[in-house]
*Asks:* 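Below: one structure in structure tokens.
Just so we're on the same page: letters track the sequence lines, and every chain starts at 1.
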Number of protein chains: 2
Amino acid sequence: MVKSVTLREAWSGEADCLNCSLRTSVLFAGLAESDFEQIHDPIDQFTLKPGTSLYRTGDAADHMFTVRTGVLKLVQYLPDGSQRIVRIARTTDVLGLEAMLEGGTYQHDAIALQPTEVCRFPARLVRDLGCNNPDLHRELISRWQRALNEADAWLTELSTGSARQRIARLLLRLVRDRESSACQLFSREDMGAMLGITTETASRTIAEFKRQSLLVETDPNRFLLDIPNLKRIAEG
Amino acid sequence: MVKSVTLREAWSGEADCLNCSLRTSVLFAGLAESDFEQIHDPIDQFTLKPGTSLYRTGDAADHMFTVRTGVLKLVQYLPDGSQRIVRIARTTDVLGLEAMLEGGTYQHDAIALQPTEVCRFPARLVRDLGCNNPDLHRELISRWQRALNEADAWLTELSTGSARQRIARLLLRLVRDRESSACQLFSREDMGAMLGITTETASRTIAEFKRQSLLVETDPNRFLLDIPNLKRIAEG
DNA sequence: CGTGGAATTGACCTGTCTCAAGAATCGTGG
DNA sequence: CCACGATTCTTGAGACAGGTCAATTCCACG
């Protein structure tokens with residue numbers, strides 16, 4: 001289940017690393033061939049089954065991850081046991097940025113929603129290189145800013161307005177920057193946890209959208225979106 | 001209204017710079033005296049009246065700010081014109097981290113809620129020094145992580161549960177890490193925008209808390225909190 | 001087939017929104 | 001210093017969205 005590749009192989013940019021967001025970044029670009037010999041921390045490659053967690057809140061954060069394929073949810077829990085999904089990670093997203101702080105801990109549970117492949121690399125690697133390599137440094141900053149923008153967007157877009165609006169905005173967000181309007185939905189329970197509504201309300205609203213043909217089911221649990229009309233609802 | 005101080009004065013650590021969070025950080029610590037001569041970007045010091053904006057969404061982000069005294073809200077707007085407050089900045093908080101990305105723009109309106117003093121410094125300064133000074137680098141990362149944690153907390157704590165719970169959590173958050181349980185409240189409208197509820201609901205709930213002596217008004221608009229009972233409500 | 005979990009749907013109830021009308025507070029200018 | 005207009009806060013009454021609880025259907029899987 002855990003396939004290990006050496007840094008040298010990562011550097012070669014072969015195969016699966018094509019989609020690795022850090023490959024196109026300059027993480028390895030500044031290193032001489034000889035440097036690779038000195039780094040013997042392996043880069044591991046995981047495959048997570050749906051429902052499996054990549055890490056848990058409070059775990060010592062010493063690794064960072066890149067999502068190759070699949071989707072993960074980042075979850076936080078309230079004292080009363082209810083949960084809130086604060087972000088979603090998809091292809092090329094980086095997880096565990098908090099590992100940049102020495103001695104830090106993860107701030108969420110990261111749980112796969114689909115079969116998901118991730119690359120794992122030691123945070124120390126990035127910490128050591130980050131300061132000396134301006135391009136990597138910039139890339140890190142940019143990632144952080146993106147995470148922050150996402151967090152803010154979840155507040156303003158996905159936690160504001162009626163349930164109809166929130167679900168419409170969530171759907172639109174799922175197909176943004178995609179060629180097609182096709183997407184597969186999350187479980188009703190997860191939708192609820194993302195939007196701050198109950199699973200029943202999520203279910204009812206999705207059902208209503210289907211009746212109104214705002215959502216058309218092509219394959220089981222795969223849908224085409226009526227983007228213009230969903231936009232109308234989202235901004236209502 | 002705009003008082004200008006030179007970097008050398010900042011370095012001397014006199015007067016108002018005592019509370020400056022970047023003073024205790026290593027931003028200037030790594031610089032030799034002689035370096036200061038070469039930096040002629042002034043550090044400006046502003047005083048904002050309540051309701052005044054420090055910057056607006058979309059403005060070119062070329063400066064960062066440290067809050068000396070007072071409070072600011074970070075606001076985002078929805079297409080329908082409604083607003084959501086996504087964060088609050090108080091003493092020693094840094095604003096405008098997005099200026100670290102070259103060519104970036106501010107992601108919020110930053111608006112003073114009280115008479116507020118801020119320091120303004122060019123982002124280029126931090127960009128240039130950040131990479132070479134490991135301590136500053138670490139401090140920046142830490143700030144970013146803190147902002148992200150705040151954003152997540154606003155989702156899980158302040159946008160989840162009943163209005164009673166949200167308001168209780170907001171109140172508790174206002175006095176956290178404070179010696180006393182005294183605090184002054186925001187306008188009902190701002191509370192609503194922070195919690196995703198209407199001003200009427202905010203007002204009603206605050207009034208109810210007063211009746212139950214969970215809030216005791218000492219001076220006009222200054223309150224003492226019944227922390228244990230508020231906690232009970234917050235977690236209820 | 002039978003079983004367990006998710007999704008759907010219904011009926012009812014309650015919290016919050018909406019609209020609207022007073023009360024209080026603040027800033028301003030006389 | 002007071003009076004006035006403008007906000008903001010408070011409070012009420014009614015409507016409605018969404019929550020709650022429960023029953024049913026659907027579906028994947030052994």
*Asks:* Check each residue of residues 153-167 of chain B for a non-hydrogen atom within less than 4.0 Å of any atom in DNA chain C, then write out the ones that pass by number, or none.
*Replies:*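 Within this stretch, B:Ser162, B:Ala163 sit under 4.0 Å of the strand.
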*Asks:* Just to verify, what does A:Asp152 make a salt bridge (Lys or Arg N to Asp or Glu O under 4.0 Å) with, not counting sequence neighbours?
*Replies:*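 Result, salt bridge (Lys or Arg N to Asp or Glu O under 4.0 Å) vs A:Asp152: B:Arg87.
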*Asks:* Under the salt bridge (Lys or Arg N to Asp or Glu O under 4.0 Å) test, which residues partner B:Asp109, sequence neighbours left out?
*Replies:*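 Checked B:Asp109 against salt bridge (Lys or Arg N to Asp or Glu O under 4.0 Å); matches are B:Arg56.
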*Asks:* Heavy-atom distance under 4.5 Å between the side chains of A:Gln114 and A:Leu72, does that happen here?
*Replies:* no
*Asks:* Let me test you: for the helix from C:dC1-D:dG30 to C:dA21-D:dT10, what is the angle between the axes at its two ends (five pairs each), rounded to 10 degrees?
*Replies:*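 The end-segment axes of the helix from C:dC1-D:dG30 to C:dA21-D:dT10 are tilted 40° relative to each other.
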*Asks:* Name all residues meeting the side chain to side chain donor-acceptor pair (under 3.5 Å) criterion together with A:Gln76; count only those two or more places apart in sequence or in a different chain, and write none if there are none.
*Replies:*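 So A:Gln76 forms a side chain to side chain donor-acceptor pair (under 3.5 Å) with B:Thr156.
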*Asks:* With the side chain counted from C-beta on, respond yes when B:His108 and B:Tyr77 share a heavy-atom pair under 4.5 Å apart, and no when they do not.
*Replies:* no
*Asks:* For A:Phe186, check ring pair (Phe, Tyr, Trp, His ring centres under 6.0 Å) against everything at least two apart and list the hits.
*Replies:*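 Partners of A:Phe186 by the ring pair (Phe, Tyr, Trp, His ring centres under 6.0 Å) criterion come out as none, since no residue qualifies.
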*Asks:* Got a salt bridge between B:Glu150 and B:Arg173, using NZ or NE/NH1/NH2 to carboxylate O under 4.0 Å?
*Replies:*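 Here B:Glu150 pairs with B:Arg173 in a salt bridge, since their nearest N and O are under 4.0 Å apart.
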*Asks:* Go through the structure and list residues passing side-chain contact (heavy atoms from CB on, under 4.5 Å) with A:Ala182, not counting sequence neighbours.
*Replies:*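 Result, side-chain contact (heavy atoms from CB on, under 4.5 Å) vs A:Ala182: A:Ser180, A:Arg222, A:Leu224.
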*Asks:* Taking only residues two or more places apart in sequence or in another chain, which ones pass side chain to side chain donor-acceptor pair (under 3.5 Å) with B:Asn221?
*Replies:* none
*Asks:* A:Phe65: what forms a ring pair (Phe, Tyr, Trp, His ring centres under 6.0 Å) with it, not counting sequence neighbours?
*Replies:* A:Tyr55
*Asks:* Closer to the 5' end of DNA chain D via nearest nucleotide, is it B:Thr201 or A:Ala202?
*Replies:*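 With B:Thr201 and A:Ala202 compared, the 5'-side residue is B:Thr201.
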*Asks:* Got a list of side-chain donor-acceptor pairs under 3.5 Å for residues 206-214 of chain B, not counting sequence neighbours?
*Replies:*
| residue | atom | partner | partner atom | Å |
| --- | --- | --- | --- | --- |
| B:Glu208 | OE2 | B:Arg164 | NH1 | 2.3 |
| B:Glu208 | OE2 | B:Gln212 | NE2 | 3.4 |

*Asks:* Name the first nucleotide and the last nucleotide along DNA chain C (5' to 3') that come under 4.0 Å of a heavy atom in chain B.
*Replies:* C:dT16 to C:dC19
*Asks:* Just wondering, do B:Tyr106 and B:His63 contact through their side chains at under 4.5 Å, heavy atoms?
*Replies:*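 Yes. Closest side-chain heavy atoms under 4.5 Å.
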*Asks:* What is the nucleic acid contact for B:Ser187, judged by heavy atoms within less than 4.0 Å: base, sugar-phosphate only, or nothing?
*Replies:*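 Here B:Ser187 touches the backbone only, sparing every base.
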*Asks:* Roughly how far, to the nearest 0.5 Å, is CG of A:Leu185 from CG of A:Leu113?
*Replies:*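 CG of A:Leu185 is found 12.0 Å from CG of A:Leu113.
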*Asks:* Between which nucleotides of DNA chain D, read 5' to 3', does contact with chain A run, using atoms under 4.0 Å from its heavy atoms?
*Replies:*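 Result: D:dG18 to D:dC21.
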*Asks:* Using a heavy-atom cut-off of under 4.0 Å over every strand shown, decide if A:Ile206 touches base, sugar-phosphate, or nothing.
*Replies:* nothing
